[in-house]
There are 2 protein chains.
Amino acid sequence: MEKQNYTRDNMADLLRAHDINPTHQRIEIAYALFARQEHLSADQIMTIVNDRHSETSKATVYNTLNLFKQHNLIREVIVDPSKVFYDPNTGPHHHFFNLETGELIDIDAGDVQIQGLPALPAGMVTEGVDVIVRIRPSNA
Amino acid sequence: MEKQNYTRDNMADLLRAHDINPTHQRIEIAYALFARQEHLSADQIMTIVNDRHSETSKATVYNTLNLFKQHNLIREVIVDPSKVFYDPNTGPHHHFFNLETGELIDIDAGDVQIQGLPALPAGMVTEGVDVIVRIRPSNA
DNA sequence: AAATGGATTAGACAAAGTCCAAATTCTAGG
DNA sequence: CCTAGAATTTGGACTTTGTCTAATCCATTT
């Protein structure tokens, strides 16, 4: 179901499939997100990508993440008041948000049903529905 | 059902009922939120409270909002990546989020049912569930 | 190899929010 | 009424996240 091996070559193909010119930096950023399959902040991505020798500037990280988002390659997750997370999973899904650690855990949307939402205001359409289950350790 | 008249005197009582010492500044901030029954950012509250003659510093606005939150008088709403909104409605409810304008509209949680959520990770309890319906004008 | 246009860069900038020591205000006791 | 101590507020420096811009770099085409 999921493509299991994420190589840098795969990333180039993936970018092209989304009409994105695969440059060095873009491949590295995509690789950071997809190889890990984790929710990362721009800052974390910066650190990962520049781990050994500095390669990619802050501006490029932000530019690239926004570009990926526009081309539906990744998704923004807004749960932490201080920073945005980027999610390589663009399929419909929701999140557990660990209030203690800031960790995010995916919830497949396939099983989740939401009923009883009121009608939308006139002239509006739904862009998406996010469910965030805020959780914390029981011994807190 | 809802207390319809929010006066500054009421605010003092409300604060006391939540074990908060009702000071001048705190009353004004509570009044700004409750009289309007709107979702406001810290910045908007700053502006409202200091409209005529400057009364309240930035530090106090932030301190006070966090204090209110800790005492369950108001709630944070995290939907806009750039700022936190504060919501005087602490009852269970969800939100429409207008992506064009940034406007938030309450959805009463009474009618909404969510089914099929997976079991929580071991040792975790739910603190709350937020549903955000992102909407936009249909002619966009 | 020159031209063209897209991509990247450094660094200045902006906005949200935090922190802290000093100043102010409040309260209770005398 | 006066004052000591506690609680609250304040200004301003600071941090962090993210944006912007003009200059530079690079890849491709001819």
Side-chain angles (χ1 to χ4, degrees), chain A residues 8 11-12 14-16 18-33 39-50 53-71 73-87 99 102 104, chain B residues 8 11-12 15-16 18-33 39-50 53-71 73-87 102 104:
Chain A
R8 285 177 175 77
M11 288 304 104
L14 181 61
L15 293 181
R16 271 185 285 263
H18 286 256
D19 288 315
I20 297 168
N21 194 358
T23 68
H24 217 345
Q25 289 88 337
R26 288 172 181 172
I27 288 169
E28 286 303 314
I29 291 171
Y31 184 68
L33 275 163
H39 308 78
L40 299 173
S41 67
D43 192 51
Q44 290 174 308
I45 291 167
M46 252 308 250
T47 305
I48 291 169
V49 166
N50 290 329
H53 26 295
S54 187
E55 294 180 336
T56 306
S57 72
K58 183 167 63 151
T60 297
V61 170
Y62 280 100
N63 285 344
T64 300
L65 290 171
N66 283 320
L67 186 73
F68 285 3
K69 181 180 62 173
Q70 279 159 29
H71 288 252
L73 185 59
I74 63 175
R75 192 165 91 165
E76 271 184 359
V77 184
I78 318 286
V79 276
D80 187 312
S82 73
K83 64 186 102 187
V84 173
F85 284 100
Y86 293 90
D87 189 342
L99 292 161
L104 280 169
Chain B
R8 285 178 174 75
M11 288 303 104
L15 293 182
R16 270 184 285 262
H18 285 256
D19 288 315
I20 298 169
N21 194 359
T23 67
H24 221 342
Q25 288 91 334
R26 289 171 181 172
I27 287 169
E28 286 304 315
I29 290 171
Y31 184 69
L33 276 163
H39 307 80
L40 300 174
S41 66
D43 193 51
Q44 291 174 308
I45 291 167
M46 254 303 254
T47 305
I48 292 168
V49 165
N50 291 329
H53 26 297
S54 187
E55 294 179 335
T56 305
S57 71
K58 184 167 61 149
T60 297
V61 170
Y62 281 100
N63 285 344
T64 300
L65 290 171
N66 283 320
L67 186 74
F68 286 3
K69 181 180 61 172
Q70 280 158 30
H71 288 250
L73 185 59
I74 63 175
R75 193 164 90 162
E76 270 183 357
V77 184
I78 318 286
V79 275
D80 187 313
S82 73
K83 64 188 102 186
V84 173
F85 285 100
Y86 293 90
D87 188 343
L104 280 169

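Residue numbering restarts at 1 for every chain, and letters A, B, ... go by the order of the sequence lines.
With rounding to whole Å, A/Leu15 atom CG is found 15 Å from C/dG6 atom C1'. Look at CG on B/Asn21: it is 11 Å from C1' on C/dT25, rounded to the nearest Å. B/Gln25 places its CD atom 14 Å from the C1' atom of D/dG11, with the value rounded to the nearest Å.
At the phosphate of D/dT19, OP1 or OP2 sits under 4.0 Å from a side-chain N or O atom of A/Asn66. Phosphate proximity of D/dT19 to A/Tyr62: absent, as no side-chain N or O sits under 4.0 Å from OP1 or OP2. A/Asn63 has no side-chain polar atom (N or O) that falls below the 4.0 Å cut-off from OP1 or OP2 of C/dA7. Within the 4.0 Å cut-off from OP1 or OP2 of C/dT8, not a single side-chain nitrogen or oxygen of A/Ser57 is found.
No side-chain heavy atom of A/Val61 sits less than 4.5 Å from a side-chain heavy atom of A/Val49.
Backbone-only contact: B/Thr56 has heavy atoms under 4.0 Å from sugar-phosphate atoms and none from a base. Looking at heavy-atom distances under 4.0 Å, A/Thr23 makes contact with sugar-phosphate atoms alone, never a base. A/Ser82 comes within 4.0 angstrom of sugar-phosphate atoms only, judged by non-hydrogen atoms across all strands, and of no base.
In terms of position along DNA chain D, the nucleotide closest to B/Thr64 lies nearer the 5' end than the nucleotide closest to the other residue of the pair B/Pro81 and B/Thr64.
A donor and an acceptor atom sit less than 3.5 Å apart, one in the side chain of A/Lys58 and one in the base of D/dG18.
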